Structure formats: structure tokens, C-alpha cells
Amino acid sequence: MAFSTDNSSGPMNDINVTPLVDVMLVLLIIFIITAPLMAHKVKVELPEANLVRSHDEENDRLMPITIAVTEDGSLYWNDEPITREVMESRLSSVAQQTPQPPLNLRADRTTRTGIIQDVIKVAQGQGMLDIGFVATKEKGQ
């Protein structure tokens, strides 16, 4: 009743490759299933940017208003120091103009975001529609 006639009691020198083959087959099946899904892409036609400015006489006459905010919260209307109350009254009168001039907001790099958000809320509350941010181009671009 002996299953093997070989009576060698030494260590087995064959590598068991069955687990390796099982893992490789599972990975192969996964890649076969997911490869077509990754090749399928949604085609979207993006709009092209028109970098040439149109010269509208009405917009050329409108000078943008610049509000600068420093790190300590000081406000400047076109480089003229103002208080928050004066800024609110000026913004309310400017917001009633037709057409409304754009508002550019400049801030120091170290100005807290809360101060900037407060100025934006005041401007929007007074009726300003076109609020933009002024930034400098990064070096190396």
C-alpha cells in the first residue's frame, strides 16, 4: 500500500507554481474586463477661447474701479485710502450707473481670506455685478 516507491527523505527541490498561476490568471481576467472600459472616452467639443478683445466704445469709456486691501485690513479706492462706510456708499452709487463699471479687487498675498470675503459681500450687497480679482503672473510662465 505504499504510494511511492521512492524512499528519499530529502527536501523537495521543486517550486510549487500553482498559486502563482492562479494569481496571474485572475489578473489577466481583470485586465481583459477593464481594458475596454478605459479605452472608452466621452467626446466633448470644448469652446475655443477668443483672445482678441472686441473694441466696444461703451466699455472703453468705463474705467474699472480698483479696491485694494492690505494685510491689516486697510481699504483703498483707486489708491486713495477710504473707510468701510465710504466704500459702501461709493459702491451703492456706482452700482446704480448704467452701464456698471467693473470692480477689480487687489489684495496682499498675506491678507486673510475673511477680509477679502467681507469686501466681496459688501460689494455684492450694494449691487455690484462684475467683480474681478487682480493677480500677478507667476515667475517662470
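Everything quoted here is computed from the prediction, not taken from an experiment.
A donor-acceptor pair under 3.5 Å is formed between the side chain of Thr34 and the backbone N or O of Ile30. Looking at Gln100, its side chain does come within 3.5 Å of a backbone N or O of Ala95 through a donor-acceptor pair.
For the pair Arg106/Ile67, no side-chain contact is recorded, criterion being any heavy-atom separation below 4.5 Å from C-beta on. Here the side chains of Pro101 and Val94 are in contact, with some heavy-atom distance below 4.5 Å. Side-chain contact between Leu103 and Leu91 is present, with at least one heavy-atom pair separated by less than 4.5 Å.
Under 4.0 Å is where a charged nitrogen must lie from a carboxylate oxygen, and between Arg90 and Glu80 at least one such pair does. Under the 4.0 Å criterion applied to side-chain N and carboxylate O atoms, Arg112 and Asp72 are not assigned as salt-bridge partners.
Residue Tyr76 is tested with Val69, Ile82, Thr66, Thr70 for a side chain to side chain contact (heavy atoms under 4.5 Å, CB included); the sole match is Thr70.
By the rule that hydrophobic residues join a cluster once side-chain heavy atoms approach within less than 4.5 Å of another member, Leu105 and Val134 end up as members of separate clusters.
Judged purely by distance below 3.5 Å, without hydrogens or angles, the side chains of Glu71 and Thr110 pair a donor atom with an acceptor atom.
For the pair Pro64 and Asn78, the tightest heavy-atom approach, listed with the atom from each and the gap, is O-OD1, 4.1 Å.
Note that the CD1 atom of Ile120 and the CD1 atom of Ile131 stand 6.5 Å from one another [nearest 0.5 Å].
Shown here is Ile15, whose CD1 atom has no more than 12 heavy atoms of other residues, nucleotides or ligands within 6.0 Å.
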